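Keep in mind the model is a prediction, meaning the values are calculated, not measured. Reminder, nothing fancy here: chain letters follow the sequence lines and each chain counts from 1.
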4 protein chains.
Amino acid sequence: MSFPNPSPRGRPRDGARESAILDAVLAEVAEVGYEQVTIEAVARRAGASKATIYRRWNGKRDLVVAAVSAHQGGELAPVDTGTLRGDLLVLCQRLVATLASTHGSLILALLQGSARDPQLGDLIEQGAGQTGARLPDAVLRRAVERGELPATATTYAFDEVAGSVLIVRALVGAPMDDTYLTHLIDTILLPALRHESDERPPGPARFASAVL
Amino acid sequence: MSFPNPSPRGRPRDGARESAILDAVLAEVAEVGYEQVTIEAVARRAGASKATIYRRWNGKRDLVVAAVSAHQGGELAPVDTGTLRGDLLVLCQRLVATLASTHGSLILALLQGSARDPQLGDLIEQGAGQTGARLPDAVLRRAVERGELPATATTYAFDEVAGSVLIVRALVGAPMDDTYLTHLIDTILLPALRHESDERPPGPARFASAVL
Amino acid sequence: MSFPNPSPRGRPRDGARESAILDAVLAEVAEVGYEQVTIEAVARRAGASKATIYRRWNGKRDLVVAAVSAHQGGELAPVDTGTLRGDLLVLCQRLVATLASTHGSLILALLQGSARDPQLGDLIEQGAGQTGARLPDAVLRRAVERGELPATATTYAFDEVAGSVLIVRALVGAPMDDTYLTHLIDTILLPALRHESDERPPGPARFASAVL
Amino acid sequence: MSFPNPSPRGRPRDGARESAILDAVLAEVAEVGYEQVTIEAVARRAGASKATIYRRWNGKRDLVVAAVSAHQGGELAPVDTGTLRGDLLVLCQRLVATLASTHGSLILALLQGSARDPQLGDLIEQGAGQTGARLPDAVLRRAVERGELPATATTYAFDEVAGSVLIVRALVGAPMDDTYLTHLIDTILLPALRHESDERPPGPARFASAVL
DNA sequence: TTTTAACCGAGACGGTACGTCACGTCTTGTG
DNA sequence: CACAAGACGTGACGTACCGTCTCGGTTAAAA
């Protein structure tokens with residue numbers, strides 16, 4: 001057993017303040033967008049002081065990242081349409097919905113934030129499956145059992161491609177309707193998933209898509 | 001009688017000012033990064049006044065976009081290694097070099113800018129092939145002639161995937177060395193390119209990758 | 001003929017802003033006292049921005065000093081009661097009235113300000129006679145003509161003593177009623193004024209009393 | 001059983017803390033000047049907490065006043081040059097030295113503090129003689145014995161004038177060298193002291209000079 | 001040639017947010 | 001209880017840019 005903080009001297013931080021501030025951040029981001037969020041407005045809305053905010057976070061990016069990290073969405077129903085193609089479409093639709101509900105600049109902030117703060121990636125990674133950015137193992141397994149994919153198939157191709165492509169399309173405002181998604185699945189995702197290989201994915205275990 | 005330019009009375013604009021300002025913009029972006037660029041600093045560096053800048057552009061994004069648009073890089077040597085796989089690697093390496101050399105936030109600004117201003121996409125698209133974000137037709141043709149790809153192959157899979165994936169990896173700071181690039185090519189790009197299909201890409205002709 | 005400011009480039013300063021700000025300063029000082037005056041409150045009241053204030057003055061002391069300097073009271077009636085003693089009493093009463101009407105800490109600010117800014121002394125010196133801090137030459141001359149003072153008498157003793165003593169008494173809250181003033185005049189000012197001497201006052205021509 | 005101090009329950013106050021705090025106050029005043037002293041800096045330097053300070057004093061002025069009051073300077077040698085004029089010069093020189101050594105703004109704070117807190121005046125008055133702001137009775141007595149002053153002479157003229165005049169001169173930065181002091185003594189202080197009068201000084205016994 | 005209108009630099013202006021600081025109060029844990 | 005530590009709301013600080021607006025002074029086409 002370890003005592004990293006043997007005795008936290010002084011008045012302890014008020015967790016309620018932290019919650020109020022992070023809630024205010026999310027509300028502000030939703031209303032005016034990431035770039036237009038100001039610390040002053042967050043402080044006003046949270047009934048907190050700027051000093052309290054700056055005591056805990058270094059600036060806007062830190063703050064927003066913390067707010068998003070703390071905001072864990074509820075569980076989503078598992079995906080199982082009976083075909084791999086149908087499952088992929090549902091996952092992509094979820095991803096599009098997530099991207100559409102979030103201001104683009106917030107995504108950028110998170111992407112950049114995760115470059116600095118590995119913890120951010122860790123935190124978001126847990127929720128990544130929820131967003132559709134990760135191919136659930138169950139979906140992969142069932143596809144293999146149905147014979148739609150070879151036994152050596154991995155989630156790599158989906159994890160690597162789907163999130164990145166849709167993020168960029170969201171940023172540039174390109175359409176992401178079902179026609180497009182179907183084309184993406186048929187001409188890129190499925191061919192890549194079906195590719196037989198015994199290679200293991202290189203580099204760190206976490207994929208770029210994890211930030212969603 | 002029509003006066004499309006009714007009558008350009010008064011002192012005409014000084015083209016030299018425009019050049020000086022746009023040069024200053026690029027220098028500032030290179031030094032401090034897109035987000036830290038200020039109109040005032042640009043004006044100071046260019047020896048111009050803020051009024052002159054605001055007379056022509058609406059704000060920072062407009063200004064940066066104009067500067068980048070006006071800045072046409074030199075021609076790059078055509079790609080021809082003798083194999084499709086080799087060509088793809090060279091293209092991806094070029095793309096990585098571009099992403100590494102430019103401030104990441106400038107890319108983001110261009111991405112967002114292109115969502116607003118379709119012209120930006122048009123302008124940059126012309127240079128996209130240079131950066132490796134587009135698969136040159138010559139490369140595709142030679143691959144078909146060598147029998148590496150079916151006759152129906154298109155550049156779509158590369159255009160759609162390569163830029164997006166590498167942009168996002170650059171943002172999150174994930175590694176993009178040759179080992180990684182090779183894996184990307186072998187497990188995703190090549191399988192997708194080899195995929196036989198008579199489908200045409202949906203939606204607008206411009207791909208997300210065009211912004212690079 | 002000289003052209004010290006050959007061409008004042010840029011938009012010229014708006015004199016009206018300066019007036020509005022200085023008026024606001026005096027109002028604030030009168031309401032809350034020198035120490036409690038804030039630049040922000042002055043800016044609010046004047047309908048100006050802090051930047052405009054800081055563009056012209058370095059801080060609170062500068063600002064208040066400028067406001068007081070610019071505030072030239074109206075002319076006061078000349079003093080002539082028929083006797084030197086009566087004239088001195090009127091002068092001291094005026095001085096007491098001035099000190100009573102002004103917050104003590106404002107006086108301190110002016111005193112300290114004049115140590116830094118000789119111009120302040122110059123400006124206020126012109127009005128010093130008005131406040132009673134200076135013995136008017138006419139009063140001295142008539143006293144000599146009446147035989148109340150020797151022909152060699154100067155204003156030095158009054159100028160040096162009256163202002164200083166009453167300022168300090170004002171600061172410490174000591175009483176300054178007519179009984180006290182009469183005593184001051186009879187036991188200090190008159191004996192010193194009557195003192196025969198051919199010495200000239202040493203040092204700079206301006207007395208400490210000039211700051212009132 | 002009686003409890004004049006009803007029942008001093010709990011931990012008693014630590015006298016050492018008080019000393020440490022007051023020492024820190026004086027050190028801070030000496031280093032940065034009265035106006036720049038902050039409670040936080042005092043707490044840091046004293047190794048105390050702000051709560052401990054605010055438990056005992058109401059704010060900066062209180063604190064500084066307490067520190068100065070508790071700081072009793074050592075005894076100075078009595079003044080006796082053999083002539084009244086020489087004694088006065090020594091006293092004035094001491095006063096000038098005091099004013100020059102102490103930050104001017106501390107004097108101001110004490111002046112203003114004494115307006116609010118009569119006790120402050122009482123406390124400081126005891127040390128006033130040391131500074132030269134008061135004419136010691138011994139000096140007066142010897143001058144009378146030598147025939148330099150009439151038997152009815154009092155210390156009033158010196159007490160009233162010397163401190164005030166020199167304080168104000170110190171504030172405005174006017175010179176206070178021996179030439180000036182000699183002139184002050186010859187043309188003002190000595191004539192006023194020699195003035196024959198049976199009047200008693202009016203008002204409270206404490207003079208403005210007592211604050212030094 | 002003279003007008004005229006726009007361009008250009010400089011920089012004042014009202015704003016707004018920045019990030020820091022000190023205030024005076026409070027809430028902990030430890031003596 | 002005293003005390004240190006330090007979080008907290010408050011509010012001012014002085015700075016930096018924003019985007020707009022005058023200025024005096026070009027500059028070139030139109031009159």
Between [atom2] of [N] and [atom1] of [X], the distance in whole Å:
{"X": "I39(A)", "N": "dT10(F)", "atom1": "CD1", "atom2": "C1'", "answer": "17 Å"}
{"X": "L63(C)", "N": "dC13(F)", "atom1": "CG", "atom2": "P", "answer": "10 Å"}
{"X": "I21(C)", "N": "dA12(E)", "atom1": "CD1", "atom2": "C1'", "answer": "11 Å"}
{"X": "R61(D)", "N": "dC23(E)", "atom1": "CZ", "atom2": "P", "answer": "14 Å"}
{"X": "R13(A)", "N": "dG9(F)", "atom1": "CZ", "atom2": "P", "answer": "12 Å"}
{"X": "R44(B)", "N": "dG9(E)", "atom1": "CZ", "atom2": "C1'", "answer": "15 Å"}
{"X": "E35(D)", "N": "dC13(F)", "atom1": "CD", "atom2": "C1'", "answer": "15 Å"}

- Message: With salt bridge (Lys or Arg N to Asp or Glu O under 4.0 Å) as the rule and sequence neighbours excluded, what pairs involving residues 44-60 of chain D come up?
- Response: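 Every pair satisfying salt bridge (Lys or Arg N to Asp or Glu O under 4.0 Å) with a residue in residues 44-60 of chain D: E18(D)-R56(D), E28(D)-R45(D), E31(D)-R45(D), E40(D)-K50(D).
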- Task: Please figure out whether A41(B) or A46(A) has its closest DNA chain F nucleotide nearer the 5' end.
- Result: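 Per heavy-atom nearest nucleotide, the more 5' residue is A46(A).
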- Message: By nearest heavy atom, map K60(B) and D14(A) onto DNA chain F; which one lands nearer the 5' end?
- Response: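 So the residue in question is D14(A).
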Which atom names give the shortest non-hydrogen contact between [X] and [Y], and what distance separates them?
{"X": "I21(C)", "Y": "L63(C)", "result": "CG2-CD1, 4.0 Å"}
{"X": "A67(D)", "Y": "V25(D)", "result": "CB-CG1, 3.6 Å"}
{"X": "A46(B)", "Y": "R17(B)", "result": "O-NH2, 3.0 Å"}

- T38(D), nearest nucleotide to its side chain (from dA22(E), dA10(E), dG14(F)):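 Closest of the options to the side chain of T38(D): dA22(E).
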- Task: Output the single nucleotide from dC3(F), dG19(E), dC23(E) whose closest atom is nearest the side chain of E40(D).
- Result: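 Among the listed nucleotides, the one closest to the side chain of E40(D) is dC23(E).
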- Contacting residues from residues 51-59 of chain A, given that a heavy atom lies under 4.0 angstrom of DNA chain F: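 Contacts with DNA chain F under 4.0 Å: A51(A), T52(A), R55(A), R56(A).
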- With heavy atoms under 4.0 Å as the rule, sort R11(C) into base, sugar-phosphate or nothing.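 Counting heavy atoms under 4.0 Å across all strands, the contact made by R11(C) includes a base.
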- Task: Quick one: pull up CG in D62(B) and OH in Y54(B) and give me the separation to the nearest 0.5 Å.
- Result: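 The OH atom of Y54(B) is 11.0 Å from CG of D62(B), to the nearest 0.5 Å.
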- Item | Nearest-0.5 Å distance that lies between atom CG in L22(A) and atom CD1 in I53(A) |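 Taking CG in L22(A) and CD1 in I53(A), the distance rounds to 9.0 Å.
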- Under-4.0 Å side-chain N/O to phosphate OP1/OP2 contact, R9(A) with dA7(F):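 The answer is no; no side-chain N or O of R9(A) sits under 4.0 Å from OP1 or OP2.
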- Query: Does V64(A) reach the side chain of W57(A), with side-chain heavy atoms less than 4.5 Å apart?
  - Reply: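 When only atoms from C-beta onward are counted, W57(A) and V64(A) do not touch, as no gap falls below 4.5 Å.
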- Query: Between the side-chain atoms of K50(C) and the base atoms of dG14(F), is any donor-acceptor pair under 3.5 Å?
  - Reply: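 Per atom types, the contact qualifies.
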